[in-house]
Amino acid sequence: MKVTSPAVGGICQSKQGRDKGRYYLIVGIEQGGLIAVTDGNFKKLATPKKKNIKHLRLLPEKAETIALKIIEGKQVFDTEIFSALKNYNYPKPDAEVGNENNQA
């Protein structure tokens, strides 16, 4: 399923720039096709990164609880955003290869 319009709380991936491949959470939509994104680590919620929508790949996944808090105006912490994106930006490595040989 391809997502064509951005939504607050949606997850996206950078396609251009020095942050290419990095995953972000959409925290705001501005005029002129600019999207305010944050990752809770390098780009904090206090100073979100503004990226052109053409430079983002929108994913169908959404952080519902964070999106609801942003829309209602409640306080959102960078650690919440970081935790929501942790599996995307820091995937767990596969099972260690060295353990297979030691089980003989």
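Along the sequence shown, the residues carry numbers beginning at 1.
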List the steps and the verdict of side chain to side chain contact (heavy atoms under 4.5 Å, CB included) for Leu25 and Leu85.
CA-CA 8 Å; Leu25 183 80; Leu85 297 173; 4.2 Å; yes
I'd like to know if the side chain of Asp78 reaches the main chain of Lys44, judged simply by a donor and an acceptor atom lying under 3.5 Å from each other, with no hydrogens or angles considered.
no
Where Gly9 and Ala67 come nearest, the two heavy atoms and their spacing
CA-CB, 3.6 Å
CG of Leu56 to CG of Leu58, rounded to nearest 0.5 Å, is 6.5 Å
Could you tell me whether a side-chain N or O of Asp39 sits under 3.5 Å from a main-chain N or O of Lys43, the two making a donor and an acceptor?
yes
Is Lys69 atom NZ crowded by more than 12 heavy atoms from other residues, nucleotides or ligands, each under 6.0 Å away?
yes
Take Tyr23 and Arg57 through the side chain to side chain contact (heavy atoms under 4.5 Å, CB included) test and state the conclusion after the steps.
CA-CA 9 Å; Tyr23 290 90; Arg57 181 172 70 96; 3.8 Å; yes
Test log, rule side chain to side chain contact (heavy atoms under 4.5 Å, CB included), inputs Arg22 and Phe42
CA-CA 11 Å; Arg22 188 142 193 85; Phe42 298 111; 3.1 Å; yes
Just one of Val27, Thr38, Val37, Leu34 clears the side chain to side chain contact (heavy atoms under 4.5 Å, CB included) bar with Lys49, so which one?
Val37
Roughly how far, to the nearest 0.5 Å, is the CD1 atom of Ile26 from the CD1 atom of Ile66?
12.5 Å
May I have the step-by-step check of side chain to side chain contact (heavy atoms under 4.5 Å, CB included) for Ile35 and Cys12, ending in yes or no?
CA-CA 10 Å; Ile35 308 295; Cys12 59; 5.7 Å; no
Short side-chain to backbone donor-acceptor contact, Gln13 and Gly21, under 3.5 Å:
yes
Aromatic centroids of Phe82 and Tyr90 separated by under 6.0 Å
yes
I need the minimum non-hydrogen distance between Glu80 and Phe77, along with the two atoms involved.
OE2-N, 2.9 Å
Run Asp19 and Lys51 through salt bridge (charged side-chain N to carboxylate O under 4.0 Å, His left out) and show every step you take.
CA-CA 11 Å; Asp19 62 344; Lys51 294 210 47 111; 3.1 Å; yes
